[in-house]
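Structure first, then comments.
Predicted model only: the values in this text are computed from it and were never measured. The sequence lines fix the lettering, A, B, ..., with proteins before strands; numbering per chain opens at 1.
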Number of protein chains: 2
Amino acid sequence: MRIGELARRTGCEVETVRYYEKEGLLTIPQRDGSGYRSYTGQQLEELQFIRHCRSLGMPLAEIKALLRFRYHPQWDCAGVNAILDTQIARVQEQMRGLQSLLEQLHLLRMECAHRQQAGECGIMKNLNQAAKGEPCLCHPLPEGCA
Amino acid sequence: MRIGELARRTGCEVETVRYYEKEGLLTIPQRDGSGYRSYTGQQLEELQFIRHCRSLGMPLAEIKALLRFRYHPQWDCAGVNAILDTQIARVQEQMRGLQSLLEQLHLLRMECAHRQQAGECGIMKNLNQAAKGEPCLCHPLPEGCA
DNA sequence: TAGACACCCTGAAGTAGCTATAGGGTCAAG
DNA sequence: CTTGACCCTATAGCTACTTCAGGGTGTCTA
Ligand SMILES: [Zn+2]
Ligand SMILES: [Zn+2]
Ligand SMILES: [Zn+2]
Ligand SMILES: [Zn+2]
């Protein structure tokens with residue numbers, strides 16, 4: 001099959017497929033008489049493997065590593081588990097960051113209940129205070145306001 | 001003060017300061033006899049305002065908008081509130097995404113309890129199944145596995 | 001007076017994972 | 001013989017920086 005059909009079947013863009021090839025994730029395909037890429041069912045599976053891992057938020061470098069385990073089923077899977085654990089830790093870390101961000105934003109948002117002049121707006125007042133080095137409501141920690 | 005002191009006082013890198021200037025966030029500073037940038041207390045506050053907003057996860061375009069409200073205190077603050085609401089919605093959206101990602105990763109991770117050959121590893125088996133278009137444990141939805 | 005060192009300058013490239021654009025070739029249908 | 005759908009390469013753009021190459025400035029010391 002050609003690149004368009006491959007893309008349609010996997011739900012990803014043609015440019016993305018070419019990008020994965022350039023990045024060394026997808027096996028280099030054969031070319032037909034017109035110089036068009038020609039893919040096999042193997043490569044369709046390979047691309048679906050990649051997209052599935054991407055949907056789990058994994059970076060391309062780690063997907064590359066997982067593909068190597070796919071091609072070497074006799075290898076010890078400890079590396080696979082490690083990749084998963086790393087990814088879980090990364091996602092947890094990001095969630096912690098977003099959680100505290102959300103709390104800060106909520107605190108800040110509550111400073112303005114109704115429309116008024118920006119100079120009187122509790123949000124702007126708070127941001128301007130913080131700019132002067134004074135304490136702010138959104139970062140009520142001892143050393144806050146990075 | 002020169003750029004190094006400004007950077008030290010705000011805890012950001014010299015290159016970041018020059019970057020903000022290039023992006024039109026920081027007021028263009030005076031230059032001294034040697035062509036070095038020379039900053040005032042006003043600009044220190046401006047930079048601290050920017051860094052504070054960045055610590056709330058706001059993109060530079062929205063910080064630019066907030067800076068305009070800072071310089072126009074007579075404007076209606078509805079735009080300020082809208083920026084905050086947008087940012088809160090964005091963070092909530094990201095958290096929802098990460099939350100479901102985390103659940104999927106946990107389900108997948110549980111497929112392998114001990115070291116073995118990658119070909120026998122429950123994680124790899126699951127990923128390979130998904131690559132063939134078969135249902136996977138990490139995406140147990142009707143249409144899952146994007 | 002020469003060298004060392006800390007600081008400053010510009011401009012360009014690199015990061016992640018694509019997406020989009022420019023400028024062209026291939027092929028079947030009408 | 002032209003239209004349209006598809007394909008190709010190479011390059012730039014996106015975010016928010018960081019890093020690097022190559023060079024200038026200013027002060028202190030030997
Ligand atoms: Zn307000
Ligand atoms: Zn704050
Ligand atoms: Zn395993
Ligand atoms: Zn899945």
Could you state the [atom1]-[atom2] distance from [X] to [N], rounded to the nearest angstrom?
{"X": "Tyr19(A)", "N": "dA10(D)", "atom1": "OH", "atom2": "P", "answer": "17 Å"}
{"X": "Lys22(A)", "N": "dC18(C)", "atom1": "NZ", "atom2": "P", "answer": "12 Å"}
{"X": "Met1(B)", "N": "dC7(C)", "atom1": "CE", "atom2": "P", "answer": "16 Å"}
{"X": "Gln87(B)", "N": "dT15(D)", "atom1": "CD", "atom2": "P", "answer": "15 Å"}
{"X": "Glu21(B)", "N": "dG11(C)", "atom1": "CD", "atom2": "P", "answer": "12 Å"}
{"X": "Leu25(A)", "N": "dC18(C)", "atom1": "CG", "atom2": "C1'", "answer": "12 Å"}
{"X": "Arg18(A)", "N": "dA12(D)", "atom1": "CZ", "atom2": "P", "answer": "17 Å"}
{"X": "Arg90(B)", "N": "dT15(D)", "atom1": "CZ", "atom2": "P", "answer": "11 Å"}

Listed nucleotide nearest any side-chain atom of [X], set [options]:
{"X": "Ile3(B)", "options": "dC8(C), dG17(C), dC17(D)", "result": "dC8(C)"}
{"X": "Val14(A)", "options": "dC17(D), dT10(C), dC7(D)", "result": "dC7(D)"}
{"X": "Thr16(A)", "options": "dC18(C), dT10(C), dC8(D)", "result": "dC18(C)"}
{"X": "Ser34(B)", "options": "dT25(D), dT18(D), dG17(C)", "result": "dT25(D)"}
{"X": "Arg37(A)", "options": "dC18(C), dT18(D), dT9(D)", "result": "dT9(D)"}
{"X": "Arg54(A)", "options": "dC8(D), dT10(C), dC18(C)", "result": "dC18(C)"}
{"X": "Glu15(B)", "options": "dT19(D), dC9(C), dC17(D)", "result": "dT19(D)"}

Indicate whether any N or O donor in one side chain lies under 3.5 Å from an N or O acceptor in the other, for [X] and [Y].
{"X": "Arg51(B)", "Y": "Tyr20(B)", "value": "yes"}
{"X": "Arg90(A)", "Y": "Gln87(A)", "value": "yes"}
{"X": "Glu46(B)", "Y": "Gln42(B)", "value": "no"}

Report yes or no: is there a donor-acceptor pair, N or O only, under 3.5 Å between the side chain of Tyr36(B) and the base of dG26(D)? no
At 4.0 Å (heavy atoms only), tell me whether [X] reaches a base, stays on the sugar-phosphate, or touches nothing.
{"X": "Arg8(B)", "result": "nothing"}
{"X": "Glu13(B)", "result": "sugar-phosphate"}
{"X": "Arg2(B)", "result": "sugar-phosphate"}

Hey, which of these two, Leu60(B) or Asp32(B), hits DNA chain D nearer its 5' end, going by closest nucleotide? Leu60(B)
So, OP1 or OP2 of [N]: does either fall under 4.0 Å of a side-chain N or O from [X]?
{"X": "Tyr20(B)", "N": "dC17(D)", "value": "yes"}
{"X": "Arg51(A)", "N": "dC18(C)", "value": "yes"}
{"X": "Arg31(B)", "N": "dT10(C)", "value": "yes"}

Would you call Glu93(B) and Arg96(B) a salt bridge, taking side-chain N to carboxylate O under 4.0 Å as the test? yes
Tyr39(A) and Val17(A): CA distance, side-chain angles, deciding distance, side chain to side chain contact (heavy atoms under 4.5 Å, CB included) verdict: CA-CA 11 Å; Tyr39(A) 295 93; Val17(A) 178; 3.5 Å; yes
Verdict with supporting geometry, Lys64(B) and Glu23(B), salt bridge (charged side-chain N to carboxylate O under 4.0 Å, His left out): CA-CA 9 Å; Lys64(B) 224 174 198 171; Glu23(B) 293 302 301; 5.6 Å; no
